[in-house]
A.B. asks: 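Below are the C-alpha cells for one structure; questions will follow.
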Amino acid sequence: MLDLHCHSTQSDGSLTPTQLVQEAIAAGLKVLSITDHDTLSGWDEAYQAAAGTSLTLVPGVELSTVHNGRSLHILGFYPNRQALEAPLRERVEGRHRRAQQMAENLAALGYPIILPRLSDTMAPGRPHIAAALVAAGYVRSPQEAFERWLGEDKPAHVAYEKFSAVDGIQLLRRCGAVPVWAHPYLFRGGPVPEVLPTLVEAGLMGLEVYHPNHAERDRRRLAAIGQRYGLLTTGGSDYHGPSPHGAGLNQLQLSLDLLPPLQEGARSLHADQGLDFHLN
C-alpha cells in the first residue's frame, strides 16, 4: 500500500516526522511521501526513523501557489534537495510574514492571539493560526476559526505572497521534481478542464487522482483527462494527523503500481536537467 500525500509538524501536521513514519508502518504502508508545505526540513528525521524498517520514503514537497487569484497546491516528488532548498527558503520566509499579517488582522478585529514558536525552517499555515484562536478561547474548533476569519474570503485571511502555479511547476522541474496538481477538485479558481491546459503547458506531469475529497466520479473524470494529456497518476490521504474528521493514513488502499511510473518520470527529469538522481 502507498500514500503519497501527508504532512508533519514541519508544516501543518500534528505528528512529528518520526511519529508519522511510525503511524505509516502501523497502518500497513509500504511507501510514504511526507509532502510538507514549502519545506524539506522533515526529511532527515523521517529517513532516520525509517532506516531499517519495511517503509520506503518518497522525498516530496507541496508548493503553495496561486492561480486565477486562488490557492493551488502542487506536489513535487523526488526533487534534487540541493537545487530546491534555497528557493524554498524564500517561500518559508513568506509564510512567516503571512502568519504575522493574519495575526495582526485578527488583533485589529479584536481577537489578539499568540503565534506558536516555529523554527525558521518550519512552514506556518492557517491551521497554526486556527489553533491559536482555539487556545485563546475565541472559537471551539479550528473549523469555526476558518469559517469566521481564516477562509479565503474571510476578514483575517491573507493570500500567499505572489507565486504563480506556472512558476511553481517550472521551479519544481528545474530542480528535478515531478510536478503533480494536488486535489484538483478542491481548487476554487476555475473548472479543471479549463485550468489544466495552462498547467500542462507549464510542464505539469501528473494529477492527484486519488484524494479523500474526490468522489468516485471525480476520480474517473481525472483519470480520463489525465490519460488524454499523458499525465501520471498519484494519490494520498492528505493526512495531517489523527482527527475525527480527517482521513487516515492508508485509508485509500492505493496500489504500489502507482510508484514505478513516478520514479521513471523523476529519473527522466533529472537526466534532462543534468541532476543526480537517487530514489531516496
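These values consider heavy atoms only, across backbone and side chains, with no hydrogens, waters or symmetry-generated copies. Quantities reported herein were computed from a predicted structural model and do not represent experimental measurements.
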A.B. asks: Drop me the distance from Arg89's CZ to Ser41's OG, to the nearest 0.5 angstrom.
C.D. replies: 12.0 Å
A.B. asks: Measure the CG-CD distance between Leu150 and Glu152 for me, rounded to the nearest 0.5 Å.
C.D. replies: 11.5 Å
A.B. asks: Keeping the roles fixed (side chain from Asp3, backbone from Leu249), state whether a donor-acceptor pair exists under 3.5 Å.
C.D. replies: no
A.B. asks: Can you tell me how far apart CG (Leu231) and CG (Leu204) are? Round to the nearest 0.5 Å.
C.D. replies: 5.5 Å
A.B. asks: Using the test ring-ring contact (aromatic ring centres under 6.0 Å, His included), find all partners of His157 that sit at least two apart in sequence or belong to another chain.
C.D. replies: none
A.B. asks: What are the two closest non-hydrogen atoms of Gly235 and Leu2, and how far apart are they?
C.D. replies: O-CD2, 4.3 Å
A.B. asks: Are Leu63 and Val158 connected, step by step, through hydrophobic side chains (Ile, Leu, Val, Met, Phe, Trp, Tyr) whose heavy atoms are closer than 4.5 Å?
C.D. replies: no
A.B. asks: Is it true that a side-chain atom of Ser54 and a backbone atom of Lys30 form a donor plus acceptor pair closer than 3.5 Å?
C.D. replies: no
A.B. asks: Do you reckon Val166 sits in the same ILVMFWY cluster as Ile169, going by side-chain contacts under 4.5 Å, direct or chained?
C.D. replies: no
A.B. asks: Go through the steps to decide whether Asp44 and Gln48 satisfy the test side chain to side chain donor-acceptor pair (under 3.5 Å), and finish with yes or no.
C.D. replies: CA-CA 6 Å; Asp44 291 336; Gln48 184 175 357; over 6 Å; no
A.B. asks: Quickly, which of Gln22, Gln10, Glu45 forms a side chain to side chain contact (heavy atoms under 4.5 Å, CB included) with Thr16? Name it, please.
C.D. replies: Glu45
A.B. asks: Check Pro116 against His128 and note the closest heavy-atom contact, atom names and distance.
C.D. replies: CG-CB, 4.0 Å
A.B. asks: Looking at residues at least two apart in the chain, or sitting in another chain, which of them share a side chain to side chain donor-acceptor pair (under 3.5 Å) with Asn213?
C.D. replies: none
A.B. asks: Could you tell me if the side chain of Val31 sits less than 4.5 Å from the side chain of Val58, heavy atoms only?
C.D. replies: yes
A.B. asks: Where is the tightest heavy-atom contact between Tyr229 and Pro197, given as atom of each residue plus distance?
C.D. replies: OH-CG, 3.3 Å
A.B. asks: Please check this pair: side chain of Arg91 against backbone of Ser64, looking for a donor-acceptor N/O pair closer than 3.5 Å.
C.D. replies: no
A.B. asks: State, yes or no, whether a side-chain contact exists between Leu199 and Leu72 at a heavy-atom distance under 4.5 Å.
C.D. replies: yes
A.B. asks: State yes or no: do Met205 and Val192 share one hydrophobic cluster built from I, L, V, M, F, W and Y residues joined by side-chain heavy-atom distances below 4.5 Å, directly or via other members?
C.D. replies: yes
A.B. asks: Group every Ile, Leu, Val, Met, Phe, Trp and Tyr by side-chain heavy-atom contacts under 4.5 Å, then state whether Leu186 and Val66 land in the same group.
C.D. replies: no
A.B. asks: Using the side chain to side chain contact (heavy atoms under 4.5 Å, CB included) rule, take Asp167 and Thr65 through it: C-alpha gap first, then chi angles, then the decisive distance, then the call.
C.D. replies: CA-CA 8 Å; Asp167 289 341; Thr65 73; over 6 Å; no
A.B. asks: Pair Leu4, Thr35 - check side chain to side chain contact (heavy atoms under 4.5 Å, CB included), show working.
C.D. replies: CA-CA 8 Å; Leu4 295 174; Thr35 52; over 6 Å; no
A.B. asks: Is any side-chain heavy atom of Trp43 closer than 4.5 Å to a side-chain heavy atom of Ser8?
C.D. replies: no
A.B. asks: Using the side chain to side chain donor-acceptor pair (under 3.5 Å) definition, which of the options His5, His73, His183 pairs with Glu208?
C.D. replies: His5
A.B. asks: Only one of Asp218, Thr234, Asp238 passes side chain to side chain donor-acceptor pair (under 3.5 Å) with His211; say which it is.
C.D. replies: Asp238
A.B. asks: Calculate, to the nearest 0.5 Å, the distance between atoms CD1 and CG belonging to Ile129 and Asp12 respectively.
C.D. replies: 11.5 Å
A.B. asks: Donor-acceptor pair, distance only, cut-off 3.5 Å: does the side chain of Ser268 make one with the backbone of Gly265?
C.D. replies: no
A.B. asks: Is it true that Ile34 and Met1 fall in one hydrophobic cluster, defined by side-chain heavy atoms closer than 4.5 Å?
C.D. replies: yes
A.B. asks: For the residue pair Leu15 and Pro242, establish whether any side-chain heavy-atom pair is separated by less than 4.5 Å.
C.D. replies: yes
A.B. asks: Quick one: does any side-chain atom of Arg219 pair with a main-chain N or O of Tyr210 as donor and acceptor, under 3.5 Å?
C.D. replies: no
A.B. asks: State, with a plain yes or no, whether a side-chain heavy atom of Tyr239 is found less than 4.5 Å away from one of Leu20.
C.D. replies: yes
A.B. asks: Any side-chain heavy atom of Val61 sitting closer than 4.5 Å to one from Leu88?
C.D. replies: yes
A.B. asks: Ignoring hydrogens and angles, tell me if any N or O in the side chain of Asp36 forms a donor-acceptor pair with the backbone of Thr39 under 3.5 Å.
C.D. replies: no
A.B. asks: I need the minimum non-hydrogen distance between Val21 and Ala46, along with the two atoms involved.
C.D. replies: CG2-O, 3.8 Å
A.B. asks: Between Glu194 and Gly190, is there a donor-acceptor pair closer than 3.5 Å when you use the side chain of the first and the backbone of the second?
C.D. replies: no
A.B. asks: Considering residues, nucleotides and ligands other than Gln253, do more than 12 of their heavy atoms fall under 6.0 Å from its CD?
C.D. replies: yes
A.B. asks: For Gln143, does the CD atom have more than 12 heavy-atom neighbours from other residues, nucleotides or ligands under 6.0 Å away?
C.D. replies: no
A.B. asks: Surrounding CD of Gln227 (heavy atoms of other residues, nucleotides or ligands, distance under 6.0 Å), is the total greater than 12?
C.D. replies: no
A.B. asks: Could you check Trp181, Tyr185, Phe187 and say which one makes a ring pair (Phe, Tyr, Trp, His ring centres under 6.0 Å) with His214?
C.D. replies: Tyr185
A.B. asks: Which pair of heavy atoms, one from Ala130 and one from Phe146, lies closest together, and at what distance?
C.D. replies: CB-CE1, 3.8 Å
A.B. asks: Between CD of Glu93 and CG of Asp38, what distance do you get to the nearest 0.5 Å?
C.D. replies: 12.0 Å
A.B. asks: To the nearest 0.5 angstrom, please state how far the OH atom of Tyr78 sits from the NE2 atom of His270.
C.D. replies: 9.5 Å
A.B. asks: Evaluate whether atom CD of Glu216 has more than 12 neighbouring non-hydrogen atoms of other residues, nucleotides or ligands under 6.0 angstrom away.
C.D. replies: yes
A.B. asks: Heavy-atom distance under 4.5 Å between the side chains of Leu196 and Leu207, does that happen here?
C.D. replies: yes
A.B. asks: Looking at Pro155 and Leu109, what are the two nearest heavy atoms and their distance?
C.D. replies: CB-CD1, 3.9 Å
A.B. asks: Any heavy-atom pair between the side chains of Ser164 and His67 that's under 4.5 Å?
C.D. replies: no
